[in-house]
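All remarks here apply to the structure that follows.
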Amino acid sequence: MRNRDFAGTPVGAVGLGCMGMSWAYAESERDDEASVALIREALDLGVTFLDTAQPYGNGHNESLVGRALAGRRDEAVLATKTGLVVTDMTTRSIARRGTPEHVVASAEDSLRRLGTDVIDLYYLHRVDPDVPLADTWGAMAELVAAGKVRRLGLSEVSVAQAAQAHAAHPVAAVQSELSLWTRDAMGASSASAAGEGVGSIAGEGEAGDVVGWCAANGAAFVPFSPLGRGFLTGTVTTSDFEVTDFRGYNPRFQEEALKANLRIVDVVRAVADRHGATPAQVAIAWTLAQGDHVIPIPGTKKRRYLRDNAGAADLELTGTDLAELDAVPAAVGGRY
């Protein structure tokens with residue numbers, strides 16, 4: 001696989017989001033042994049930029065990734081996060097918590113679960129509106145000084161928030177949702193970001209061109225859900241999800257919106273057919289085409305999809321392809 005640069009370290013151009021191995025998507029298919037094998041195969045394929053977080057299964061995902069990396073830790077650039085806590089596993093309820101005390105304690109918990117003595121990239125998962133960003137970020141910077149964290153990142157922030165943090169300590173990466181049906185991080189109109197919840201920046205105004213800010217300030221931009229939570233693969237055609245699947249409650253996956261959004265998949269599939277590629281590869285390649293600093297992290301529990309996603313790194317979209325993809329209609333329904 002071709003590499004991209006992350007803070008002076010080469011990583012696979014396509015990374016791996018590990019969340020779905022533990023919760024939020026088709027949880028009845030969870031298989032820890034298969035997921036451990038998948039992560040190890042990812043390393044073999046050159047997929048070395050791995051992403052997890054404490055809330056994903058309330059610690060389960062970090063422990064799973066730690067198991068998979070046993071004996072191979074040096075092959076991965078490992079990212080995890082602080083700033084969100086699970087308040088109820090039954091309802092999958094999550095709250096923001098950005099106090100310095102939580103930052104320090106959660107880092108220790110993450111290190112233990114991951115079985116490592118240093119976190120390569122430590123994100124603030126969401127800004128806590130009740131705690132000054134300077135206080136949260138300052139506590140994270142102290143972890144860098146203590147040698148427990150190598151680099152710091154932010155998730156789902158505005159340009160103003162990224163700039164504020166960067167002035168105090170370098171922002172190595174910003175992670176936000178970016179795909180053919182979610183372009184808020186490029187400064188697009190944020191109709192899709194409306195609504196409250198841990199996934200939005202509701203109440204904070206437009207995000208602005210976060211992708212461009214990262215390019216100008218030497219930070220990586222890390223798109224999560226580059227496959228539109230599986231929708232852009234063309235395999236999701238109904239809103240029939242199991243009760244624990246997040247998508248069953250997502251406005252974009254409700255029956256009427258889903259049918260309208262299939263127009264987007266039609267364009268993706270047409271481009272894929274021209275290249276002898278899959279829709280998933282086209283969707284990921286589109287994110288890669290947004291800049292050399294962009295490192296998408298599609299997630300999967302299935303090894304055949306891992307190989308498919310990794311192949312996107314070798315797909316070169318033409319100017320005509322990109323023009324067609326850029327012109328796809330806006331998604332119907334909010335992100336959350």
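Being a predicted model, the structure only gives us computed values, none of them experimental. Both backbone and side-chain heavy atoms feed into the values below; hydrogens, waters and symmetry mates do not.
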Nearest-0.5 Å distance that lies between atom [atom1] in [X] and atom [atom2] in [Y]:
X    : Y    : atom1 : atom2 : answer
R73  : L50  : CZ    : CG    : 8.5 Å
R304 : N309 : CZ    : CG    : 11.5 Å
D51  : L121 : CG    : CG    : 8.0 Å
L227 : D308 : CG    : CG    : 8.5 Å
F231 : L258 : CZ    : CG    : 5.0 Å
M21  : N61  : CE    : CG    : 7.0 Å

L133 vs V157, test: side chain to side chain contact (heavy atoms under 4.5 Å, CB included). Steps then yes/no. CA-CA 11 Å; L133 177 56; V157 293; over 6 Å; no
Any side-chain heavy atom of [X] within less than 4.5 Å of one from [Y]?
X    : Y    : answer
F6   : V77  : yes
S176 : F221 : yes
M19  : T52  : no
L78  : I119 : no
W213 : V171 : yes
R229 : N250 : yes
L124 : K81  : no

Can you establish whether the number of heavy atoms outside [X] located under 6.0 Å from its atom [atom1] is more than 12?
X    : atom1 : answer
D240 : CG    : no
R97  : CZ    : no
E256 : CD    : no

Is there a donor in the side chain of [X] and an acceptor in the side chain of [Y], or the other way round, less than 3.5 Å apart?
X    : Y    : value
S106 : T82  : yes
D32  : H60  : yes
Q54  : N58  : yes
H275 : D321 : yes
H125 : S155 : no
S110 : E62  : yes

Within the side chain of T87, is there an N or O that forms a donor-acceptor pair under 3.5 Å with the backbone of S93? yes
Is there a side chain to side chain contact (heavy atoms under 4.5 Å, CB included) between R96 and H102 once you walk through the steps? CA-CA 10 Å; R96 305 189 189 208; H102 174 71; over 6 Å; no
Identify, with sequence neighbours excluded, every residue that meets side-chain hydrogen bond (donor to acceptor under 3.5 Å, both in side chains) alongside R72. D44, E75
By side-chain hydrogen bond (donor to acceptor under 3.5 Å, both in side chains), R92 pairs with (sequence neighbours left out) E27
Pick one: which of K259, R252, E255, Q254 meets side chain to side chain donor-acceptor pair (under 3.5 Å) with S239? E255
Closer than 4.0 angstrom, basic N to acidic O: yes or no for [X] and [Y]?
X    : Y    : value
E177 : R183 : no
D266 : R263 : no
R247 : E242 : no

Considering non-hydrogen atoms only, spot the tightest contact between [X] and [Y] and give its length.
X    : Y    : answer
Y122 : L143 : CE2-CD1, 3.6 Å
W137 : G153 : CZ3-O, 3.4 Å
G208 : V159 : C-CG2, 3.9 Å
I284 : P296 : CG2-CG, 3.9 Å
V265 : L232 : CG2-CA, 4.4 Å
T48  : V11  : OG1-CA, 3.4 Å

Common cluster, [X]/[Y], ILVMFWY with side-chain heavy-atom separation under 4.5 Å:
X    : Y    : value
V131 : L152 : no
V85  : V103 : no
Y305 : V236 : no

Derivation and outcome, side chain to side chain contact (heavy atoms under 4.5 Å, CB included), residues L114 and L69: CA-CA 8 Å; L114 291 166; L69 292 182; over 6 Å; no
Over 60° means perpendicular and under 30° means parallel, so classify the ring planes of W181 and F253, tilted if in between. perpendicular
With a distance cut-off below 6.0 Å to the six-membered ring centre and an angular limit of 45° from the axis, does R30 pair with W23 as a cation-pi contact? no
Applying side chain to side chain contact (heavy atoms under 4.5 Å, CB included), run through K301 and D31 and close with a yes or a no. CA-CA 8 Å; K301 291 189 286 288; D31 183 330; over 6 Å; no
